[in-house]
Protein chains: 2
Amino acid sequence: MQNSKIRNMEELASVSGISRPTLSKYFNDPDSVRASTRKRIEAALETYDYRPNIYAMNQNRRLTKNIGIVVPYLADPFFAEIARVIEDLVIEGGFRPILLSSHGNTQQEIENLDSLQSIRPAGVLMAPLGRNSDVAAAERFCAEVPTVLFDNSIGDLGEAFFGLDNPQSVGTMVKYLCSTGEPPAFFEMRTPTNPNAYKRRNAYIETMEMLGLSPQLIQVDGDTWEFEKIGYEGGLDAIQNRRLGTNTVLCSNDRLAIGFLAAAYECGLRVGRGPSYALRVAGHDDHPYARFTCPPLTTVAQDYAAIATKSVEAILSLIESGERAESRVTTLFSGKLIERVSA
Amino acid sequence: MQNSKIRNMEELASVSGISRPTLSKYFNDPDSVRASTRKRIEAALETYDYRPNIYAMNQNRRLTKNIGIVVPYLADPFFAEIARVIEDLVIEGGFRPILLSSHGNTQQEIENLDSLQSIRPAGVLMAPLGRNSDVAAAERFCAEVPTVLFDNSIGDLGEAFFGLDNPQSVGTMVKYLCSTGEPPAFFEMRTPTNPNAYKRRNAYIETMEMLGLSPQLIQVDGDTWEFEKIGYEGGLDAIQNRRLGTNTVLCSNDRLAIGFLAAAYECGLRVGRGPSYALRVAGHDDHPYARFTCPPLTTVAQDYAAIATKSVEAILSLIESGERAESRVTTLFSGKLIERVSA
DNA sequence: ATAAATAATTTACGCGCGTAAATTTTTGGC
DNA sequence: GCCAAAAATTTACGCGCGTAAATTATTTAT
C-alpha cells in the first residue's frame, strides 16, 4: 500500500491529478464531490499515505468538527458508559469527540470549559456537576458555544436538556415497595451535589404523602463523589443506631446502595424480600454493578441509550442548522423498574 | 477585568507594548522572558481577554504540548482512576492530556492511535488491550511517536514499560492463602485478553509448585471486558457443578472476583475466613469497589500512583531530552496484600 | 563607567489549509 | 448532437502563529 509519504494537500494534488481545492472539499465532506472524482481521490489515498493536518484545517474553518463531552465524574461507570455511547454516536455523525471529566471538582469543570473553548468546538454535550458548578462560568460558555445538557440541569442553561423523569421513576419505585412490603425510608446525602438528588427526595416525599404515608428521610453526611463510601459509613451509622425505623430502604442512587449493602452485610442483616430477610434495599439508576451486588440490587433503570441518542441528535441538528435554539427544550425519559433480589 | 477582546497576538502586542515574537516566547514558556517583561505581559492579560489560537500554535511548533493517554477500557474504574492521576500529572508538567479509551476493541485502539498521530502529540502513554492489540499498528505508531507503555506490555514496544510485578504479587497472595487455610484454586478466563492474566496464571502455578502443592485452574469462557458477568456466570457453573475442589478461590482479578462473589452469594455459600464460612475468595488489583463487596474483598493492591507517576516522569523526560531511549526499560512495582474479610 | 552578556525588537518568511471569484471542463436531458 | 447546469480547476489571498537573523536596548560584571 503506502508508498511514498505525502506531506501536504498540494503534493497529493500533483500525484492524484485532482486540484487542491477539490481535495479540500472532499476532506470536508466526501459527498460534496462527484462520485467519479471521489473514486479517484480514494484510490490515491490507498497508494499514498496522507491525512490532512488537523491544525491547519481547524485554524481556517469557520467551524471545527470537534464536539466536546463533559461529564462530572468519569470514574463512575455510569458516566463512563454513557460517555462511550455518546462518543460512538458523535463519530457516527462525522464529528470528533473530545471527552473531559470534571472529577467532581468545580475548578476542573471550569478548566474543562476553558480548554474546550480554546479548541473552538462546533458543540458541546455536558453533564454538569450540579450544585458545585460555577453557574456564571457555565453561562458564559453556553453563550459562546452551542451546548446541550444531559443527566442534570443547571437553571435553564443550554439549548436543550435530556434527563430522567425523577418524579416518575421514584414514584414507580415507592409504589412498588409499598405494594410488596413495608413503606420505604429514603436514604440519601444531606446536601447532595447533584440536583437530581433533590428531585428524588421531593418525589419520594410526594409519593409517600399521596399514598397517605409519612415519609422518613435518613440523611447522611458527605460531599464528595465517593458515594459507596458515604453509603457504607452512613449505612453503618444508621443501622447500628437503629435509625432505620422500617425494614425497607430506598437509596437515592445505586452507588449509595452499594455502600449501604456493604454496611448491612457487615451488620449481619440479610437483605432481600420475604419473611426470612431482615431488610429490603432498593437503589436507583441501574448502575452497571447493580446486578452483581449481594444480593442483586432492585433498582430503576435509566434509559441512558435514549438520553445519549437524543442529546447527540440535538447537538448535531443545532450544528447543522447553524442557529441557536429559540428556547430551551427539556425532555425527560421514564425510568423502568428492575426487580432483582434485594427488594 | 476583561474589557475589549483581543483577536490575535498582533493586537496584544500593540496594546501591551511588547513585540509579538516576545509574546510568542512567553506563551511557549513564561520563564523564558525576563521577569519584568513577564509582569507586563501578565498585567496586559488581566485587562485584555486573550488566549493564543491553539491550532495556529500547534501547526507551526516542531512539537505540540499534547500528551495522549490511551487506556483499554475506561468503564473499568481501575483505568478511570489511573487515567485521572495521569491526567493531573500531565497538566502539572505543563502539557495537555488527551484521554482516549479503546473500549476493549481492537479497531478502536487502532483508531485511537490514528487519531493521536494526526494531532502530533509530543508523547503518548498507553495501556494496550493486550492480546487483541494490533501489534503491527502499535509498532508503526511507536516508531513515530515517543510512547511509554503501562499496565501491560506488548513485546518490547515503546520506550519504557511500567507495571506490576505479577510473580511477586500473586506469590504473596498464594503464600498468604496457604498459610491461613486451604491452598487456593485459581479462577480465571480460559483465553484472557490481558497478558497480565497469563503472567498471573504462571505465577500461581509456580508458587504452588514451589510450595509442593498441585495447582488447580478453574477456567471459564468469555472474551469480552465484562469481567463481572464472566466471573458470575463462570462462578455459578463452577460452584453448581462442584468444580471447585477446595474451599479457597483466588481470582485472576477483582472484577472477576466481584462476579464470583455474586455467584457464591446466590448459591448460599458464606464467604469469609474461619470455621463458620464455606468459602474463601480473594482477588487481585484492589479495584475501587473491592472494599464494598459483600464480604469486603481480600486482594493485592497495585500501586497505581507509582505506576502513573513513573510513567509520566518517563515520558516527560523523553520529551525534554528530545531523544529516543537507547533501549527499553521495564520497571515493575510490588503488589501489597490487603487483608479484608473474604479470605 | 565601560565592556560583555543577555534580552527584546524588527523584519521577514513560511506552515498547510480554507475559501472566494473567475474560468474551464464535464455531465445529463432533450 | 447541442445547451444549460453542475462540477472541477486556476488563481490568489489570508488565517494566527513559529521561527530565524540582524539589530537595538537593557542588564550584569568588572
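Small disclaimer: the values here were computed from a predicted structure and weren't measured. Naming convention: chains lettered A, B, ... in sequence-line order (proteins, then strands); numbering from 1 in each chain.
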Undergrad: In whole Å, I'd like the distance from the CZ atom of Arg61(B) to the P atom of dG18(D).
TA: 6 Å
Undergrad: On DNA chain C, nearest-nucleotide positions of Pro21(B) versus Lys25(A): which is more 5'?
TA: Pro21(B)
Undergrad: Identify which nucleotide among dG18(C), dG16(D), dG18(D) has an atom closest to any side-chain atom of Met57(A), counting heavy atoms from C-beta outward.
TA: dG18(C)
Undergrad: Answer yes or no: does a side-chain N or O of Arg62(B) lie under 4.0 Å from OP1 or OP2 of dG14(C)?
TA: no
Undergrad: Expressed as a whole number of angstroms, how long is the span from Glu10(A):CD to dT19(C):C1'?
TA: 15 Å
Undergrad: Please check if any side-chain donor atom of Arg328(A) sits under 3.5 Å from a side-chain acceptor atom of Ser153(A), or the reverse.
TA: yes
Undergrad: Expressed in angstrom and rounded to an integer, what is the separation of Asn53(A) atom CG from dG16(C) atom P?
TA: 7 Å
Undergrad: Counting heavy atoms from C-beta on, name the nucleotide in dA7(C), dG18(D), dG16(C) closest to the side chain of Gln59(B).
TA: dG16(C)
Undergrad: Tell me whether the OP1 or OP2 atom of dG18(C) has a side-chain N or O from Tyr26(A) closer than 4.0 Å.
TA: no
Undergrad: Taking atom types as modelled and ignoring hydrogens, do the side chains of Arg96(B) and Thr64(B) form a donor-acceptor contact shorter than 3.5 angstrom?
TA: no
Undergrad: Tell whether Arg20(B) reaches the base of dG18(D) with its side chain through a donor-acceptor pair below 3.5 angstrom.
TA: yes
Undergrad: Report the residue (Arg40(B) or Ala56(B)) whose heavy-atom-nearest nucleotide on DNA chain C is the more 5′ of the two.
TA: Arg40(B)
Undergrad: In whole Å, what is the span from the CZ atom of Arg7(B) to the C1' atom of dG16(D)?
TA: 11 Å
Undergrad: Base, sugar-phosphate, or nothing: which does Thr37(A) touch, judged by heavy atoms less than 4.0 Å apart?
TA: sugar-phosphate
Undergrad: Does a side chain donor of either Arg20(B) or Asn8(B) reach within less than 3.5 Å of an acceptor in the other side chain?
TA: no
Undergrad: Rounded to whole Å, please give me the gap between CD1 in Ile119(A) and P in dG16(D).
TA: 18 Å
Undergrad: Between C1' on dG16(D) and CZ on Arg120(A), what's the gap in Å once rounded to a whole number?
TA: 11 Å
Undergrad: Grab the CG-C1' distance between Asp29(A) and dA8(D) for me, whole Å please.
TA: 16 Å
Undergrad: Distance check needed: dC15(D) C1' versus Ile6(B) CD1, whole Å only.
TA: 17 Å
Undergrad: At less than 4.0 Å, is any side-chain N or O atom of Ser19(B) found next to OP1 or OP2 of dT10(C)? Yes or no.
TA: no
Undergrad: For dG18(D), take OP1 and OP2 only and decide whether either is under 4.0 Å from a side-chain N or O of Ser24(B).
TA: yes
Undergrad: Watson-Crick or G-U wobble partner for dG1(D), using a 3.5 Å limit on both distances?
TA: none
Undergrad: I want to verify a distance call: between dT26(C), dA7(C), dG18(D), whose nearest atom is closest to the Arg34(A) side chain?
TA: dT26(C)
Undergrad: Whether Tyr55(B) contacts dG18(D) is assessed here as follows: a side-chain N or O lying under 4.0 Å from the phosphate OP1 or OP2. Is that the case?
TA: no
Undergrad: Under a 4.0 Å threshold between the charged nitrogen and the carboxylate oxygen, would Glu87(A) count as salt-bridged to Arg84(A)?
TA: no
Undergrad: Taking the six-membered ring for Trp, are Tyr55(B) and Tyr55(A) parallel (under 30°), tilted (30 to 60°) or perpendicular (over 60°)?
TA: tilted
